[in-house]
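Only this structure's heavy atoms are used, side chains among them; waters, hydrogens and symmetry mates stay out.
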Amino acid sequence: MSAERTVFDPTDADVNAYKLLNSLVVPRAIAWVSTIDAQGRGNLAPHSFFTVASGRPPVVLFSSLGHKDTVANIEATGEFVVSLTSEELADQVNASSAPFEHGDDEARLLGIATEPSETVRPERVAASPASIECRLERIVEVGHAFVVFGLVTALTVRTDALEDGVHPAIEHLRPVSRLGRDEWGRPPEVFRLTRPEKPEDVL
């Protein structure tokens, strides 16, 4: 017998579809995005609507809810870096989400060390175990959001976080994730399933 369900109509003025989606599309990886503006001032902000858009060519995307400094800076310079948000950096990631003034350099104000990237001008977070450097591919406006697509120009992974010198190891990356409300997720428990090779192998 099916369990009773509550149905939410996103067109109903009393329904907050955004908050519901935040609690249902979980866990969400966090893109800790660093940019610079036209004057060379840094910006560092987390965005939890983040994923891979394409493998060939390699493209990632994140969605900014509103036209924030991150989007304006990418429009101006065409570059950004995503630093992986590891467990040890969770407090700093959260602190950088505060409503800073336009033009503020969050990394500098919060004492978050950065270092030069390999292929783009925005710097990566020095303590992050991995980073994804990007040049702007396109920005698509969807409702109140700006979806930023970035062509990956370099991927950096701390060598001691690699398995066999090639594969990023989850136990060393220790990524945190965003859930609903003020909830965060710690590094996940990992299990493995081998993908079926033929349709008849599917139960």
Side-chain angles (χ1 to χ4, degrees), residues 1-35 43-54 59-74 80-102 104 106-107 109-110 112 124-125 127-132 134 139-150 161 168-193:
M1 183 175 179
S2 298
E4 181 180 353
R5 290 176 181 257
T6 299
V7 179
F8 299 93
D9 180 353
T11 65
D12 186 332
D14 293 328
V15 171
N16 190 323
Y18 166 68
K19 287 187 175 181
L20 286 166
L21 288 170
N22 258 8
S23 295
L24 293 172
V25 184
V26 290
R28 297 189 308 281
I30 304 166
W32 205 10
V33 182
S34 53
T35 59
N43 181 270
L44 181 64
H47 298 268
S48 70
F49 289 7
F50 167 56
T51 192
V52 177
S54 169
V59 175
V60 296
L61 71 84
F62 72 91
S63 182
S64 173
L65 304 183
H67 194 270
K68 300 175 181 177
D69 284 351
T70 298
V71 176
N73 291 351
I74 294 171
F80 64 95
V81 178
V82 175
S83 292
L84 186 138
T85 56
S86 61
E87 186 175 22
E88 65 179 8
L89 297 173
D91 287 339
Q92 292 174 303
V93 174
N94 187 48
S96 69
S97 71
F100 287 84
E101 295 296 324
H102 171 71
D104 281 348
E106 290 84 355
L109 292 173
L110 295 170
I112 300 169
R124 61 182 176 244
V125 174
S128 174
S131 68
I132 305 170
C134 300
I139 296 176
V140 178
E141 189 172 353
V142 181
H144 71 149
F146 293 81
V147 185
V148 180
F149 294 79
I170 192 75
E171 63 266 28
H172 297 305
L173 299 178
R174 297 196 60 76
V176 292
S177 58
R178 284 289 286 119
L179 307 173
R181 299 177 294 184
D182 60 352
E183 301 162 332
W184 291 57
R186 295 191 184 280
E189 178 184 351
V190 178
F191 66 96
R192 289 180 166 82
L193 290 175

D104 and E106: which non-hydrogen atoms are nearest, and at how many Å? O-OE1, 3.2 Å

If you round to the nearest 0.5 Å, how far is CD1 of I139 from CZ of F146? 8.5 Å

List the atom pairs, donor and acceptor, that lie under 3.5 Å between side-chain atoms in residues 168-177 and the rest of the protein, sequence neighbours left out.
| unit_1 | atom_1 | unit_2 | atom_2 | d |
| --- | --- | --- | --- | --- |
| R174 | NE | E87 | OE1 | 2.9 |
| R174 | NH2 | E87 | OE1 | 2.6 |

Does any pair with a residue in residues 5-17 pass side chain to side chain donor-acceptor pair (under 3.5 Å), and if so which ones, sequence neighbours excluded? D9-T11

How far does CZ of F100 sit from CG of L44, to the nearest 0.5 angstrom? 9.0 Å

Non-hydrogen atoms of A53 and L61 that approach each other most closely: CB-CD2, 3.7 Å

Step-by-step side chain to side chain contact (heavy atoms under 4.5 Å, CB included) determination, F50 to R28: CA-CA 7 Å; F50 167 56; R28 297 189 308 281; over 6 Å; no

Calculate, to the nearest 0.5 Å, the distance between atoms CG and CH2 belonging to D91 and W184 respectively. 8.5 Å

With rounding to the nearest 0.5 Å, note down the distance linking CZ in R124 to OG in S34. 10.0 Å

Looking only at non-hydrogen atoms, find the nearest pair between L179 and V26 and report the distance. CA-CG1, 3.6 Å

Can you measure from CG (N22) to CD (E183) and round to the nearest 0.5 angstrom? 10.0 Å

Tell me, please, which residues at least two apart from H144 pass side chain to side chain donor-acceptor pair (under 3.5 Å). none

Can you tell me how far CG of N94 sits from CG of L89, rounded to the nearest 0.5 angstrom? 12.5 Å

Test side chain to side chain contact (heavy atoms under 4.5 Å, CB included) applied to V140 and F149, step by step: CA-CA 8 Å; V140 178; F149 294 79; 3.8 Å; yes

Sole residue of S131, S128, S83, S96 in side-chain hydrogen bond (donor to acceptor under 3.5 Å, both in side chains) with W32: S96

State, to 0.1 Å, how close S23 and R181 come at their nearest heavy-atom pair, and which atoms those are. OG-N, 4.3 Å

Once the angle between the rings of F62 and H47 is folded into 0 to 90°, is it parallel (under 30°), tilted (30 to 60°) or perpendicular (over 60°)? tilted

